[in-house]
Structure formats: structure tokens, C-alpha cells
Amino acid sequence: MIPQQRFTGWDKAGLDLGNARWRSGSQGIGDVQIAFVEGFIAMRNAGRPGSPPLVFTPAEWRGFVVRARDGAFDPR
């Protein structure tokens, strides 16, 4: 059995996303939405808006964006 990995970044204590203004990056398949809330950046699957979002600090978001632009998350 493969051990379950504990994911970090799913929430930040006390952050209320109830009134977040979600913005789509595109209208394509695999679309994600982001919201800027209380100094954090939240990202969720637009096709499953009820699923838990990932929440990033500004430094974490920058690292994610830089790696994405470099192709770190492209399917191989």
C-alpha cells in the first residue's frame, strides 16, 4: 500500500473564501479560477467549484507561476 501524502496549501487558518470573486484564466478544458483574498491567492478547479481550493501566499504563488511557465507541470 502506498502511504497517503499530506497535502499542504489546501487552506490557511481563518481565511474566508465565502465572498471570494473567482476569475477564470480561460474557457478551455482544465480551466482554473483564482481569487485574491486577504493577501492570499486561492486557486480552484472551475469544473468542480465545490472542491477545496489551493491557497498560496504571494511567495508560493510566484514560485508556482515561475515553475509553470518553465514547463515543470507539463505532461510528459
Side-chain angles (χ1 to χ4, degrees):
M1 180 176 194
I2 299 172
Q4 291 264 317
Q5 179 183 358
R6 168 96 170 98
F7 291 104
T8 59
W10 291 98
D11 62 4
K12 300 291 190 235
L15 186 63
D16 180 11
L17 296 174
N19 293 318
R21 290 183 45 204
W22 294 98
R23 299 178 176 122
S24 290
S26 70
Q27 298 301 317
I29 296 172
D31 188 28
V32 297
Q33 296 175 319
I34 61 169
F36 300 93
V37 181
E38 299 178 25
F40 293 96
I41 299 92
M43 181 173 67
R44 71 179 182 183
N45 179 339
R48 298 183 64 204
S51 63
L54 290 169
V55 179
F56 299 89
T57 64
E60 292 168 336
W61 180 252
R62 173 143 176 77
F64 171 76
V65 170
V66 167
R67 292 189 65 212
R69 285 182 182 158
D70 288 344
F73 307 112
D74 292 349
R76 298 201 185 330

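Computed over heavy atoms, backbone and side chain alike; hydrogens, waters and symmetry mates excluded.
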A.B. asks: My understanding is that only residues two or more places apart in sequence, or in another chain, count here; which of them pass side-chain contact (heavy atoms from CB on, under 4.5 Å) with R62?
C.D. replies: V66
A.B. asks: To the nearest 0.5 Å, what is the distance between CD1 on I41 and OG1 on T57?
C.D. replies: 7.0 Å
A.B. asks: What closest approach, in Å, do R21 and A35 show between heavy atoms, and which atom pair accounts for it?
C.D. replies: O-CB, 3.6 Å
A.B. asks: Give a yes or no on whether N19 atom CG has more than 12 heavy-atom contacts from other residues, nucleotides or ligands under 6.0 Å away.
C.D. replies: no
A.B. asks: Please confirm whether the backbone N or O of G18 pairs with a side-chain atom of D16, one donor and one acceptor, at under 3.5 Å?
C.D. replies: yes
A.B. asks: Checking side chain to side chain contact (heavy atoms under 4.5 Å, CB included) for the pair I34/W61: CA distance, chi angles, key distance, verdict?
C.D. replies: CA-CA 11 Å; I34 61 169; W61 180 252; 3.6 Å; yes
A.B. asks: Ignoring hydrogens, what is the shortest heavy-atom contact between F64 and M43? Give both atom names and the distance.
C.D. replies: CZ-CE, 3.9 Å
A.B. asks: G47 and P49: which non-hydrogen atoms are nearest, and at how many Å?
C.D. replies: C-CD, 3.5 Å
A.B. asks: Where do V55 and E60 come nearest, in terms of heavy atoms and distance?
C.D. replies: O-OE1, 4.0 Å
A.B. asks: Check P53 against W22 and note the closest heavy-atom contact, atom names and distance.
C.D. replies: CB-CH2, 4.0 Å
